[in-house]
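Naming: A, B, ... by sequence-line order, numbering from 1 per chain.
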Amino acid sequence: MSGVLTMGSLDPAFGAAMDVDGEPVTLDLRSVEFVEPAGICGLAALLEFLIPRSEEVSVRLAGRDVPAYLERMDFFRLFGDRVRTNVDVHALEERQRHNPGTLQELVNFHTEEEIPGVVTRISEILENKGYRLRERVAICSTLSEICANAAEHGSTDGGFGAFAAVQAYNHIVSGARRRGEEVLVAIADGGVGVRETLSKNEKYAEHTTTDNDAIRCAMMMGVSGTGELGRGGGLALVAQISGRASGSLSLRSGSGRVTAYHDRKNSRTVPDFPGTFVRVSLPRKLENAAPEISLG
Amino acid sequence: MAEAPQVFEVAGGDFGGKLMVTRRTGRAVREALGDALEALPKGGVLYVDTRGVELMDYSFADEALGVLVSRVAGGEYGEKYLILVEEDRDLLENVEASLRQRSLAMMRVDEVGGEPEIVGNIPEHLSDTLRTIMDAGSITNADLAKKLGLNHTAMNNRATRLVKLGLIHRKIETAAPGGRQYTYERIA
């Protein structure tokens, strides 16, 4: 496990999880120094997968910052009594819970009905933080569209629904660390995945040979599993919004992972795992920002 | 005295205030708009005012407006018209995307009584026809055909398409014995 817990860093654990058959499992996260929303949502989905398949799931953490951050993001509220951990959760609970950059703690939802409440809360926080209307619209539209997809495709009978988390940073965290601000939005659902959803529509039969083909196809305007007119626009618009902000949209489903930037898409094959994971990076363009001066 | 225009303020209802997200909310707004359309007399215009809305995501826009415009164009509400009251701002992007995907269009004005623009998608050749009708305010098929250099049948086909999209109004008058004269009128 690398120092950053994000979407890709959980791949080895996703791969190993598929072989678990009743035995106790330990997730060793001691090398993690920084957790981003896609990491916490991915971890939540991984635990939801492991808990019913394992006699006991343990999560091992090191240091103070990561456990404290997970506590502030409500991780232990959702999983504290379902996993074993080396962290003294009660001691963490006494610390101040609010993190100035947190727009949405880890939240578990099942239906579309729950989404407006989440979006309204984030919009209010963003407004108080001085985000311009246009920026708030981009962030909230992104969140509502991908949450709606997760609620629609992620709710299988007895499933966990979906997890969402949103965090604002006062520096750019995607890629090389540099000046600027960035908002990261992440969703993980336990549904059937992009390929199976698109396979319901015969029109896309040629585009569902692999998970990566299916994900690329799903990012195009008007592509949906139902083929209903007007459907399949949300994800394409999220890709446009993140591209315009010089950010990115990453989608992991099955054994595929595609990241869309404003001018290109990258695909990679990853260990097969159920559900769909979305990470959206929205860098913030700062007005009146002083130009960077290189002294090199 | 002319009747006051029927205006439906989307942010004023008990739907989601300034933040309009999800298809579920869109359906609720569409049903209320549908009721308002039903209550209109034949030839009536419903102004859908979204100026108080800060955020409208694609799913909401498609469900509330895309589906409704599609039903109006399909004749579900009879001869009634929808006009969007909205300024030229980012919020229109999702309405535009939904209508384009459905190959539909609707009229938009900055304010009730303002000069109309088109949101969505109409073919280039229909744009010219629409613009000519808008400029004239009211024009017969014969005069329209003359202006655009088309025969009467081709002209009537183009204008009928605009009528079906709910972008103009058609008046049928009796002309010579057994004949009919079509007059096309702007709706806003």
Side-chain angles (χ1 to χ4, degrees), chain A residues 109-127 131-153 164 185 219-224 226-241 243-245 280, chain B residues 10-11 13-30 50-74 76 86-106 119-121:
Chain A
F109 64 96
H110 294 81
T111 64
E112 207 185 7
E113 203 174 343
E114 298 165 72
I115 300 167
V118 173
V119 172
T120 301
R121 181 178 168 273
I122 291 179
S123 179
E124 283 167 6
I125 297 172
L126 289 169
E127 193 169 4
Y131 277 71
R132 295 182 294 271
L133 176 61
R134 197 171 187 171
E135 296 171 319
R136 282 189 278 134
V137 166
I139 296 164
C140 293
S141 302
T142 296
L143 181 71
S144 66
E145 292 293 0
I146 56 175
C147 278
N149 277 347
E152 188 175 347
H153 307 298
V185 179
M219 286 179 172
M220 291 191 288
M221 192 72 188
V223 172
S224 74
T226 63
E228 228 178 297
L229 202 57
R231 291 277 175 158
L235 208 51
L237 286 161
V238 169
Q240 277 178 27
I241 290 170
R244 273 204 302 260
V280 187
Chain B
V10 175
D14 189 19
F15 303 109
K18 293 177 176 180
L19 304 179
M20 293 292 176
V21 296
T22 74
R23 287 192 179 270
R24 187 175 180 275
T25 313
R27 269 193 294 278
V29 170
R30 172 170 36 86
T50 55
R51 288 175 297 179
V53 176
E54 282 191 352
L55 158 65
M56 189 190 284
D57 70 2
Y58 173 83
S59 296
F60 173 89
D62 184 62
E63 199 67 45
L65 294 171
V67 173
L68 188 66
V69 171
S70 159
R71 290 182 181 178
V72 168
E76 205 169 298
E86 183 52 81
E87 284 146 20
D88 187 9
R89 60 178 173 130
D90 291 356
L91 181 134
L92 280 177
E93 190 180 19
N94 288 329
V95 182
E96 181 89 31
S98 161
L99 294 174
R100 280 188 177 273
Q101 213 188 324
R102 292 173 174 275
S103 299
L104 292 169
M106 72 188 297
V119 188
N121 185 40

Open item on the list: Using 0.5 Å steps for rounding, measure from the CD1 atom of A/Ile241 to the CG atom of B/Asn94.
Closed with: 6.5 Å

Task: Nearest non-hydrogen partners of B/Ser59 and A/Glu145, listed with the distance - done: OG-OE1, 2.7 Å

- [ ] Using side chain to side chain contact (heavy atoms under 4.5 Å, CB included) as the criterion, point out the one residue from B/Asp57, B/Leu55, B/Leu91 that pairs with A/Val137.
- [x] B/Leu55

- [ ] Verify, without hydrogens or angle tests, whether B/Gln101 (side chain) and A/Arg231 (backbone) share a donor-acceptor contact under 3.5 angstrom.
- [x] yes

Open item on the list: For a quick test of reading the model, state the closest non-hydrogen atom pair linking A/Met221 to B/Ala97 and the distance between them.
Closed with: CE-CB, 3.9 Å

Open item on the list: Working to the nearest 0.5 angstrom, can you tell me the gap between B/Leu19 CG and A/Ser144 OG?
Closed with: 9.5 Å

- [ ] Identify which part of A/Leu133 has an atom lying under 4.5 Å from any heavy atom of chain B, answering side chain, backbone, both or neither.
- [x] side chain

Task: Euclidean distance, A/Ile115 CD1 relative to B/Arg24 CZ, rounded to 0.5 Å - done: 10.0 Å

Task: Among the listed options A/Gly234, A/Ser123, A/Pro116, the residue most often paired with chain B at heavy-atom distances under 4.5 Å - done: A/Pro116

TODO: Supply the atom-to-atom distance B/Asp62 CG to A/Leu237 CG, rounded to the nearest 0.5 angstrom.
DONE: 10.5 Å

Task: Under 4.5 Å from any heavy atom of chain A - which part of B/Thr25 - done: side chain

Open item on the list: Tell me whether A/Glu113 at atom CD has more than 12 heavy atoms from other residues, nucleotides or ligands lying less than 6.0 Å away.
Closed with: no

- [ ] List the steps, then state whether salt bridge (Lys or Arg N to Asp or Glu O under 4.0 Å) holds for B/Arg23 with A/Glu152.
- [x] CA-CA 11 Å; B/Arg23 287 192 179 270; A/Glu152 188 175 347; 5.7 Å; no

Task: Euclidean distance, B/Arg27 CZ relative to A/Glu112 CD, rounded to 0.5 Å - done: 6.0 Å

TODO: For residues A/Gln240 and B/Glu93, determine if any side-chain heavy atom of one lies less than 4.5 Å from a side-chain heavy atom of the other.
DONE: yes

Open item on the list: Quick check on B/Arg89: does its CZ atom have over 12 non-hydrogen neighbours (other residues, nucleotides or ligands) under 6.0 Å away?
Closed with: yes

